[in-house]
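Encoded as structure tokens, the structure appears first; notes follow it.
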Amino acid sequence: MFFILISIASGAIVVISRILNTRLSEKVGLLESSFFNYLTGLLSALILFFIIKDKVKINEFYTIPFWAYLGGALGIIIVILSSVVTPKMSSFYITLIIFIGQLFTGIIIDCITQKTIPFPKIIGGLLVIIGLGYNLHVDSQTEALAQTN
């Protein structure tokens, strides 16, 4: 249960972070906001590193393959793309569409690593897509009605 609550908190923080990054990019620019986002992230990570440094094994950093450190580069891409998309769509739809991307990427990774096709997860993902499509349809109907009145 604890890990579920942490996951929910993480998801909420991602949405809030995306909105804050978008607001910053509107003020200072897209690349500049990404820079400041990662600069403050680096400073926060350094502070945390010094707080828990006894548990961190620095000598193990050299044994990790280079590609394992590319998560930071992917994070920059995520911040930039989110800052571009967020002002153009509602937070609800962006979050749901990003979730669909994460869901199917996870399914593909599970297929590759576990060498099985998780049909129940695929069906669940398709149900989410159907729900999104239905919600988009209802919203467009409501918007069309509002424009005629």
About how many Å separate [atom2] of [Y] and [atom1] of [X], when rounded to the nearest 0.5 Å?
| X | Y | atom1 | atom2 | answer |
| --- | --- | --- | --- | --- |
| Ile94 | Leu81 | CD1 | CG | 11.5 Å |
| Leu96 | Ile100 | CG | CD1 | 4.5 Å |
| Leu43 | Leu48 | CG | CG | 12.5 Å |
| Leu136 | Glu143 | CG | CD | 11.0 Å |
| Ile108 | Thr113 | CD1 | OG1 | 11.5 Å |

Counting only pairs under 3.5 Å, give me each side-chain donor-acceptor contact of residues 2-20, with atom names and distances, residues two or more places apart or in other chains.
residue	atom	partner	partner atom	Å
Ser7	OG	Phe3	O	2.9
Ser17	OG	Asn21	ND2	3.4
Arg18	NH2	Thr95	OG1	2.6

Exam field: side chain Thr148 to backbone Leu145, donor-acceptor pair closer than 3.5 Å: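 The answer is yes, because a donor-acceptor pair under 3.5 Å joins these two groups.
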
Does [X] belong to the same Ile/Leu/Val/Met/Phe/Trp/Tyr cluster as [Y], with side-chain heavy atoms less than 4.5 Å apart forming each link?
| X | Y | result |
| --- | --- | --- |
| Met89 | Phe92 | yes |
| Val128 | Phe119 | yes |
| Leu31 | Val85 | no |
| Leu42 | Tyr38 | no |
| Phe35 | Ile78 | no |

Does the side chain of [Y] come within less than 4.5 Å of [X]'s, by heavy atoms?
| X | Y | answer |
| --- | --- | --- |
| Glu26 | Thr22 | yes |
| Ile51 | Phe49 | no |
| Phe104 | Ile129 | yes |
| Leu30 | Ile80 | yes |

Stepwise side-chain contact (heavy atoms from CB on, under 4.5 Å) check, Asn37 with Leu24: CA-CA 9 Å; Asn37 178 53; Leu24 182 61; 5.8 Å; no

Begin with the C-alpha distance, continue with both residues' side-chain angles, and end with the deciding distance and a verdict on side-chain contact (heavy atoms from CB on, under 4.5 Å) for Leu132 and Ile97. CA-CA 8 Å; Leu132 172 65; Ile97 292 168; 3.8 Å; yes

Report, as yes or no, whether the 6.0 Å neighbourhood of atom OH on Tyr69 holds more than 12 heavy atoms from other residues, nucleotides or ligands. yes

Near Leu39 CG, under 6.0 Å, is it more than 12 heavy atoms from other residues, nucleotides or ligands? yes

Do you know the tightest heavy-atom contact between [X] and [Y]?
| X | Y | result |
| --- | --- | --- |
| Tyr93 | Asn135 | OH-O, 3.3 Å |
| Ile98 | Ser82 | CD1-OG, 4.3 Å |
| Asp110 | Lys121 | OD2-NZ, 3.3 Å |

